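Note that the structure is predicted; figures quoted are calculated from it, not measured.
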Amino acid sequence: MQWTLVVPLKALARAKSRLADTAADGLRPGLALAFAQDTVAAALACPGVADVAVVTGDALAGRELTALGARIVPDEPGGGLNAALRHAATVVRARNPRTPLAALNADLPALRPLELARVLTAAAEFPRAFLPDAAGFGTTLLAASPGRELLPAFGTDSRVRHRASGAVELLLPAVDSVRQDVDTGADLRAALALGVGPRTATAVQLLKTSSA
């Protein structure tokens, strides 16, 4: 089964505000872009992924992620994360109605293609399924099989809300890189311990240099 992934990315200038204790205002947009670049590059290298559609209204992010091979879906609704995902899902399914579809967070800088493949293989067994984040409250991946709506409910306590919506919770071992999103300084340290992609590594080195 070859999946289409939908990756939502907000405007870089507004991204990662919870990293304020770790990165200054001027550095956070670069970190957010690096996270997204490493996430998309790993997703495109996953053997189960046919296409990655990034939904964003940020022009710089659009150019950089297009260069990696992603397809850009303009965030026309401008109504937040779930509205962006619903819009992107509609665009993707209009082009390929029978594709299995998964929403994937843009802040998974330690993402490993083979771990992502394991998650997608497990998700393919159910009409809808999701993977909880490392913190245990959120969601990093929400999948829908062909013919099923995505029905995203990201945001506060999305793990509970996705479960309540009927999506099956995937409780898989050894997929830490797919669960480790980065919202806080502690999250970033955890991702670094797993081993981040090259763009995030460069951005973190710049962060260390600027704070020295």
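F126 and L170 get closest at one heavy-atom pair: CE1-CD2, 4.0 Å. When all heavy atoms of S177 and A110 are compared, the closest pair comes out as CB-O, 3.1 Å. Contact between A191 and P109 at its shortest, heavy atoms only, is CB-CG, 4.1 Å. Here the shortest heavy-atom pairing between A153 and N82 reads N-OD1, 3.5 Å. L172 and V119 make their closest contact through CD1-CA, 3.8 Å (heavy atoms, listed as atom of the first residue, atom of the second, distance). Here the closest non-hydrogen pair linking A41 and R199 is CB-NH1, 4.1 Å.
No donor-acceptor pair under 3.5 Å is formed between the side chain of T200 and the backbone N or O of V196. Checking side-chain atoms of H87 against main-chain N and O of P74 turns up a donor-acceptor pair under 3.5 Å.
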Side-chain donor-acceptor distances from residues 42-54 under 3.5 Å, at least two apart:
| residue | atom | partner | partner atom | Å |
| --- | --- | --- | --- | --- |
| D51 | OD2 | R71 | NE | 3.1 |
| D51 | OD2 | R71 | NH2 | 2.5 |

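The only member of L31, L207, D187, V204 that meets side-chain contact (heavy atoms from CB on, under 4.5 Å) when paired with T22 is L207.
Clustering of Ile, Leu, Val, Met, Phe, Trp and Tyr by side-chain heavy atoms under 4.5 Å joins L101 with V6, V55, V73, L81, L85, V91, V92, F130, L142, L150, F154. Alongside L151, the hydrophobic cluster contains no other residue (criterion: ILVMFWY side chains under 4.5 Å).
The distance from the CG atom of L120 to the CD atom of E115 is 12.0 Å, given to the nearest 0.5 Å. One finds the CG atom of L104 at 9.0 Å from the CG atom of D107 (value rounded to the nearest 0.5 Å). Here the straight-line distance linking atom CG of L141 with atom CG of L5 works out to 7.0 Å at 0.5 Å rounding. Rounding to the nearest 0.5 Å gives a distance of 12.5 Å between CZ of R179 and CG of N105. Rounding to the nearest 0.5 Å places CG of L194 at 6.5 Å from CZ of R112. The line from CG of L12 to CG of D58 is 3.5 Å long, rounded to the nearest 0.5 Å.
A continuous path of ILVMFWY side-chain contacts below 4.5 Å connects L206 to L192, so both sit in one hydrophobic cluster. Under the 4.5 Å side-chain heavy-atom criterion for Ile, Leu, Val, Met, Phe, Trp and Tyr, L60 and L68 are members of the same hydrophobic cluster.
Residues S210 and L27 meet the side-chain proximity criterion, which asks for heavy atoms closer than 4.5 Å. Annotation: side chain of R28 is in contact with side chain of D25 (closest heavy-atom distance under 4.5 Å). Contact check for V182 versus L188: side-chain heavy atoms found under the 4.5 Å cut-off. At a threshold of 4.5 Å between non-hydrogen side-chain atoms, the residues L111 and D38 do not count as touching. Residues L65 and Q37 meet the side-chain proximity criterion, which asks for heavy atoms closer than 4.5 Å. In this structure, L131 and V178 have side chains that are in contact, with non-hydrogen atoms separated by less than 4.5 Å.
Remark: D21 engages no residue in a side chain to side chain donor-acceptor pair (under 3.5 Å) (not counting sequence neighbours).
Sorted by first and then second residue, the side-chain hydrogen bond (donor to acceptor under 3.5 Å, both in side chains) pairs involving residues 116-131 (not counting sequence neighbours) are R128-S165. Here side-chain hydrogen bond (donor to acceptor under 3.5 Å, both in side chains) pairs that include residues 132-161, with residues two or more places apart or in two chains, are T139-S158, T139-H162, R159-E169.
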Assess the residue pair T99 and R93 against the criterion (side chain to side chain contact (heavy atoms under 4.5 Å, CB included)); give the C-alpha distance rounded to whole Å, side-chain angles, the decisive distance to 0.1 Å, and a yes or no. CA-CA 7 Å; T99 186; R93 285 271 172 82; 4.0 Å; yes
